[in-house]
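These notes concern the structure reproduced below.
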Amino acid sequence: MNDFAQQVIDWQQQQGRHDLPWQQAITPYKVLVSELMLQQTQVSTVIPYFQRWLARFPDVETLAQAEQDEVMALWQGLGYYARARNLHKAAKAIAELGAFPSDLVSLQQIPGIGRYTAGAILSFAYDAYGPIVDGNVRRLFCRYFALEGHAGQSQLEKRLWQLAEQLTPAQNNRRFAQGLLDLGATLCTARKPDCERCPLQADCQAYRLQQVEHFPRPKPKKVKPSKEGHFLWVQQQDQLLLEQRPDSGIWSSLLALPQVDPADPVLQQAESVGSFRHQFSHYQLEATIWQPQQQVEELAGQGWYHRRQLTEVALPAPIRKWIEQQLKQSGVD
DNA sequence: CACCCGTGGAC
DNA sequence: TGTCCAAGGGT
């Protein structure tokens with residue numbers, strides 16, 4: 001085994017994280033669920049979702065047989081909702097296969113599993129050889145080897161995977177992979193890295209140059225566009241009109257207040273009853289909520305929901321926030 | 001390669 | 001309040 005791997009493994013054993021929920025009584029299913037949830041999402045955010053998910057969907061078969069409504073409801077608030085649909089599809093595919101895939105090619109055929117996640121499943125579920133490059137590994141390698149370039153640059157990414165394949169040990173890779181992630185999450189952090197506690201300090205090129213925080217290079221910023229969104233507030237006794245959003249685009253597969261085009265005639269005779277601003281990763285939403293003066297007939301994909309049902313359906317976080325505030329203010333309940 | 005896809009934590 | 005960014009994948 002190479003020295004780098006041995007140092008990471010030894011450190012993980014002594015100083016790494018061992019109490020994460022998905023590290024207990026490891027199964028491929030738990031690894032799959034946790035990895036999908038952890039994509040672009042912090043550990044502390046994922047933990048309660050993971051616990052609820054395992055309580056309701058304890059195994060692949062249970063998830064495969066679940067209704068999409070319930071799947072989305074358990075994912076609501078976590079974001080990147082295509083992950084929930086992909087996980088549901090993955091469970092169906094694996095149930096159909098009759099066995100959990102355990103090689104790189106088969107894993108990457110499954111919806112939601114890319115190169116990183118396939119490597120992570122090999123590492124964590126099977127303790128097999130499975131190189132990983134995620135944000136932690138990118139940051140750590142860029143510093144350790146003083147690699148130029150920023151995330152997404154093909155030349156850099158190619159080099160990172162090459163290094164990962166080279167450094168990943170044939171044995172004990174579960175601990176190695178966990179060590180890389182733990183180092184990135186606890187010491188080799190984006191801001192204020194704790195180099196004095198790092199087991200790799202002696203050979204870290206960025207540390208030697210005293211330029212740790214200059215690696216990796218930041219991605220060039222782009223201007224975040226602003227978009228407007230118009231939503232309808234339609235009540236009928238204690239019921240609220242909601243619509244199922246399509247399976248693509250923002251908030252896909254969730255329920256939400258009915259959204260209308262800015263030029264929709266219904267807005268010409270509607271009263272503005274509120275607004276909010278919401279930041280997405282790629283644009284800013286300026287939302288206005290309108291109460292139509294005339295009666296509104298529900299369209300296809302729309303339906304009435306009692307306010308007591310709202311806790312158990314999948315709503316976008318800012319929409320839920322606004323609805324709850326509105327119901328509270330209007331003195332209902 | 002560029003863009004789309006959410007949300008909340010941390011500073 | 002603004003900004004970065006977090007166990008990425010899909011198109």
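Just so it is clear: chains get the letters A, B, ... in the order the sequence lines come, proteins before strands, and each one is counted from 1.
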Geometric cation-pi criterion, Lys224(A) with Tyr283(A): 6.0 Å, 45° | no

Show the numbers, then the answer: is there a side chain to side chain contact (heavy atoms under 4.5 Å, CB included) between Phe124(A) and Leu181(A)?
-> CA-CA 12 Å; Phe124(A) 297 129; Leu181(A) 301 186; 3.7 Å; yes

Indicate, with a heavy-atom threshold strictly under 4.0 Å, whether Leu181(A) touches base, sugar-phosphate, or nothing.
-> base

Value in whole Å for how far the P atom of dG9(C) lies from CG of Leu36(A) = 9 Å

Give Lys321(A) one of three labels, base, sugar-phosphate or nothing, depending on what nucleic acid heavy atoms sit under 4.0 Å from its own.
-> nothing

Indicate, with a heavy-atom threshold strictly under 4.0 Å, whether Leu78(A) touches base, sugar-phosphate, or nothing.
-> base

Sugar-phosphate, base or nothing in reach of Gly249(A), heavy atoms under 4.0 Å | sugar-phosphate

Pairwise C1' distance for dT1(C) and dG8(B), with rounding to whole Å = 15 Å

Is Arg307(A) close enough and on-axis enough to Tyr305(A), meaning under 6.0 Å and within 45°, for cation-pi?
-> no

Among the candidates dA7(C), dG9(B), dT7(B), find the nucleotide nearest to the side-chain atoms of Leu20(A).
-> dA7(C)

Mind calculating the distance between CG (Leu160(A)) and C1' (dA7(C)) to the nearest angstrom?
-> 15 Å

For dT1(C), take OP1 and OP2 only and decide whether either is under 4.0 Å from a side-chain N or O of Arg277(A).
-> no

Measure from the side-chain heavy atoms of Tyr80(A) and tell me the nearest of dC3(B), dA7(C), dG6(B).
-> dG6(B)

Please state how far atom NE2 in His150(A) lies from atom C1' in dC4(C), giving the value in whole angstrom units.
-> 16 Å

Looking only at side-chain atoms of Tyr81(A), point me to the closest of dA7(C), dT7(B), dG8(B).
-> dT7(B)

What nucleic acid atoms does Pro218(A) come within less than 4.0 Å of, heavy atoms only: base, sugar-phosphate, or nothing?
-> nothing

On DNA chain B, check which nucleotide each of Leu315(A) and Gln155(A) is closest to and give me the residue with the more 5' one.
-> Gln155(A)

What nucleic acid atoms does Val43(A) come within less than 4.0 Å of, heavy atoms only: base, sugar-phosphate, or nothing?
-> base

Looking across every strand, which nucleic acid part, if any, lies under 4.0 Å from Trp75(A) by heavy atom: base, sugar-phosphate, or nothing?
-> nothing

Could you give the NZ-to-C1' distance, from Lys224(A) to dC4(B), as a whole number of Å?
-> 13 Å

Hey, can you tell me if His278(A) and Phe280(A) have their rings parallel, tilted or perpendicular (30° and 60° cut-offs)?
-> perpendicular

His282(A) side-chain N/O to dC5(B) phosphate OP1/OP2 under 4.0 Å = yes

From dG8(B), dG8(C), dG6(B), pick the nucleotide closest to the side chain of Tyr116(A)?
-> dG8(C)

Does NZ or CZ of Arg52(A) come closer than 6.0 Å to the centre of the six-membered ring of Tyr49(A), within 45° of the ring's axis?
-> yes

Respond yes when some side-chain nitrogen or oxygen of Lys222(A) is under 4.0 Å from OP1 or OP2 of dC3(B), and no when none is.
-> yes

Tell whether Ser281(A) reaches the base of dG6(B) with its side chain through a donor-acceptor pair below 3.5 angstrom.
-> yes

Nearest to the side chain of Thr117(A), which nucleotide is it out of dA7(C), dC3(B), dG8(C)?
-> dG8(C)

With respect to the side chain of Arg83(A), which nucleotide from dA7(C), dG6(B), dG9(B) is positioned closest?
-> dG6(B)

In whole angstrom, give me the gap between the P atoms of dC5(B) and dA7(C).
-> 23 Å

All heavy atoms of Pro262(A) vs all of Leu267(A), minimum pair found to be O-CD1, 3.6 Å

Touch check for Ala190(A), heavy atoms < 4.0 angstrom, all strands: base, sugar-phosphate only, or nothing?
-> sugar-phosphate

May I ask you to say what Lys192(A) touches in the nucleic acid, namely base, sugar-phosphate or nothing, with a heavy-atom cut-off under 4.0 Å?
-> nothing

When rounded to the nearest Å, what value does the distance between C1' atoms of dC1(B) and dG9(C) take?
-> 15 Å

Taking CD1 from Ile47(A) and C1' from dG8(B), how many angstroms apart are they, rounded to a whole number?
-> 14 Å

Regarding the side chain of Ala317(A), the nearest nucleotide among dA7(C), dC5(C), dG8(B) is dG8(B)

Flag the pair Glu213(A) and Arg143(A) as a salt bridge only when some basic side-chain nitrogen lies within less than 4.0 angstrom of an acidic carboxylate oxygen.
-> no

Between His278(A) and dT7(B), does any side-chain N or O lie under 4.0 Å from OP1 or OP2?
-> yes

Quick one: which of dA7(C), dG8(C), dT7(B) gets closest to the side chain of Gln40(A)?
-> dG8(C)

Nearest-nucleotide 5' precedence on DNA chain B, Arg191(A) against Ser154(A) = Ser154(A)

May I have the distance from Arg115(A) (atom CZ) to dA7(C) (atom P), rounded to whole angstrom?
-> 19 Å

Using a distance-only test with no angle check, is there a side-chain donor-acceptor pair under 3.5 angstrom linking Arg159(A) and Gln162(A)?
-> yes

Do Arg17(A) and dA7(C) have a side chain to base donor-acceptor pair shorter than 3.5 Å?
-> yes

Met72(A) atom CE is separated from dT7(B) atom C1', nearest whole Å, by 14 Å

Nearest-angstrom distance from the residue atom CZ of Arg245(A) to C1' of dC5(B) = 12 Å

